[in-house]
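Note sheet for the following structure.
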2 protein chains.
Amino acid sequence: MSPRNEESSGDAVNRILEAATELFAQHGFDHVSMNTVAEAARVSKANVFHHFKSKDELYVRAMRQACEASRSSLEVMANGEGDAWQRIRLFIDEHLAHMLDNTRDSRLILREVVENRPGAGQRLAQEVFRDNFNRLVELIGQCQREGALRADLDPVFFSTLLLGANVFFFQSQEVLRHLDGVEFADEPGRYGAMFVDVLMRGAMGGPADNEGM
Amino acid sequence: MSPRNEESSGDAVNRILEAATELFAQHGFDHVSMNTVAEAARVSKANVFHHFKSKDELYVRAMRQACEASRSSLEVMANGEGDAWQRIRLFIDEHLAHMLDNTRDSRLILREVVENRPGAGQRLAQEVFRDNFNRLVELIGQCQREGALRADLDPVFFSTLLLGANVFFFQSQEVLRHLDGVEFADEPGRYGAMFVDVLMRGAMGGPADNEGM
DNA sequence: TTGCGAACCGACCGGTCGGTCAGTATTATG
DNA sequence: CATAATACTGACCGACCGGTCGGTTCGCAA
């Protein structure tokens with residue numbers, strides 16, 4: 001059942017998978033026909049169905065690949081030196097850079113989030129986000145124990161906010177470009193620096209002392 | 001050319017438009033057939049094409065309607081009393097509440113953002129977001145002039161961050177629900193309070209004094 | 001050499017899609 | 001009433017979709 005020779009047969013499978021990932025990420029599931037995938041992979045459509053029993057299976061495989069690539073790419077992140085504070089900064093910077101460098105996989109995953117098909121949320125949460133999310137939560141917890149961040153802040157919430165700001169920037173770049181006065185739309189570095197700065201300040205120091213509410 | 005009587009003809013047109021908006025928001029452009037729209041509007045498919053010359057026109061009209069509803073609904077926001085600080089809080093709270101109350105229109109618009117088809121970003125920016133965005137920028141500027149927010153903060157950037165946190169929460173609710181320790185996924189009020197708190201703290205007070213970088 | 005399964009292909013199928021058309025019902029106006 | 005414009009319909013079209021089928025080629029093992 002498993003392919004005998006990795007050169008010829010595995011080659012086609014990989015070409016199909018690569019083409020499918022690229023096309024799905026670029027145009028979305030519904031705008032990509034199996035014929036298009038076949039042509040892009042320089043293979044007959046029937047052969048695509050020989051290796052993947054349905055369009056859905058092909059899509060799931062492409063998703064899974066993108067997820068794994070995304071996860072393993074981020075795995076080496078923020079294991080460097082420095083205090084927890086600096087490591088958070090680094091983590092966020094690298095996370096945004098990763099999304100912008102791997103627009104293909106990121107778009108594919110993001111599409112799945114917005115599409116909101118039943119069960120997808122849970123699967124994505126478990127297979128893609130959980131690890132990085134938990135690592136960031138842990139980092140933030142360390143920060144709190146070191147006293148760099150206020151203790152009454154929910155690390156889970158703060159982690160959400162940090163990652164959310166990145167995701168939002170990534171997905172809204174095109175809209176941001178056309179809003180008045182947005183000069184950082186094409187400068188992810190500046191954006192990242194600014195938002196980490198604001199969020200970190202907000203997470204620092206003593207108890208709340210803001211007036212009202 | 002314009003319809004003579006608003007009761008009979010306008011009725012069908014409105015029914016079509018309503019059905020289309022609902023269906024497009026729920027299932028996305030590609031998963032909604034003109035037949036389905038026609039059935040939902042209790043009208044023949046040919047009649048849909050009589051009033052809307054193509055599926056694209058119907059979609060654009062539905063989008064435009066959703067945009068206008070969204071804009072006008074938020075227009076009355078944050079014109080209340082209180083200092084600029086409180087008005088920002090109110091603005092953000094109402095913005096999130098609005099999205100959660102009008103999931104139909106919000107999803108439709110969000111879909112368009114992620115879909116990323118050429119020209120859509122600019123159109124959305126101008127027709128949907130510009131007004132609210134600029135109003136928030138203005139509010140923040142006021143806050144700065146009142147001394148409640150530090151002056152070296154880019155109001156455009158801060159506005160982006162505030163709205164982005166809302167949008168991210170709205171779109172990621174389903175994923176958040178399945179991440180460990182996320183207890184605020186179904187409590188938008190608590191989420192809003194927390195994130196406004198963090199962001200406001202981060203935007204308060206004097207010049208930057210954080211170590212490193 | 002033969003046999004066999006996997007890789008591969010062209011042709012095809014049922015079904016759905018967006019869109020059209022010829023014709024009918026309805027309504028306002030002269 | 002006649003008439004003209006509009007609202008509306010069922011039947012239909014060509015294109016394309018995901019998926020199948022019969023058959024051919026290829027590589028390896030007996």
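Chain A is the first sequence line, chain B the second, and so forth, proteins listed ahead of strands; every chain is numbered from 1.
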* To the nearest 0.5 Å, how far apart are OG1 in A/Thr103 and CG in A/Leu110? ->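 So the gap between those two atoms works out to 11.5 Å.
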* Asked: How many angstroms lie between atom CZ of A/Arg87 and atom CG of A/Leu136, to the nearest 0.5 angstrom?
  ->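 These two atoms lie 11.0 Å from each other.
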Report the distance from atom [atom1] of [X] to atom [atom2] of [N], rounded to the nearest whole Å.
X       : N      : atom1 : atom2 : answer
A/His51 : D/dG19 : NE2   : P     : 16 Å
B/Asn14 : D/dA7  : CG    : C1'   : 15 Å
B/Leu58 : C/dG19 : CG    : C1'   : 13 Å
B/Arg42 : D/dA7  : CZ    : P     : 18 Å
B/Phe52 : D/dA7  : CZ    : P     : 12 Å
A/Lys55 : C/dG15 : NZ    : P     : 19 Å
B/Ile16 : C/dG18 : CD1   : P     : 14 Å

For the residue pair [X] and [Y], does the interplanar ring angle fall in the parallel (under 30°), tilted (30 to 60°) or perpendicular (over 60°) class?
X        : Y        : result
A/Tyr191 : A/Phe195 : tilted
B/Tyr59  : B/Phe29  : perpendicular
B/Phe184 : A/Phe157 : perpendicular

* For D/dA7, does OP1 or OP2 lie under 4.0 Å from any side-chain N or O of B/Asn47? ->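 B/Asn47 to D/dA7 OP1/OP2: no side-chain N or O under 4.0 Å.
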* To do: By nearest nucleotide on DNA chain D, pick out whichever of A/Lys53 and A/Thr36 is the more 5' one.
  =>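 Whichever sits nearer the 5' end wins; that is A/Thr36.
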* **Lys/Arg-Asp/Glu bridge criterion (N-O < 4.0 Å) met for A/Arg89, A/Asp93** =>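 No, no charged N to carboxylate O under 4.0 Å.
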* **Test: A/Arg135 and A/Asp131 ion pair at under 4.0 Å** =>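 Salt bridge flag = no for A/Asp131 with A/Arg135.
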The side chain of [X] lies closest to which of these nucleotides: [options]?
X       : options               : result
B/Ala46 : D/dT9, D/dC8, C/dG18  : D/dT9
A/His50 : C/dG19, C/dC8, D/dC8  : C/dC8
B/Phe49 : D/dC8, D/dG19, C/dG18 : C/dG18

* Nucleic acid contacts of residues 28-35 of chain B, taken as heavy-atom distances under 4.0 Å to DNA chain C ->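 Listed by number, they are B/Val32, B/Ser33, B/Met34.
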* Do B/Lys45 and D/dG10 share a donor-acceptor pair, side chain to base, under 3.5 Å? ->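 A donor-acceptor contact between them is absent.
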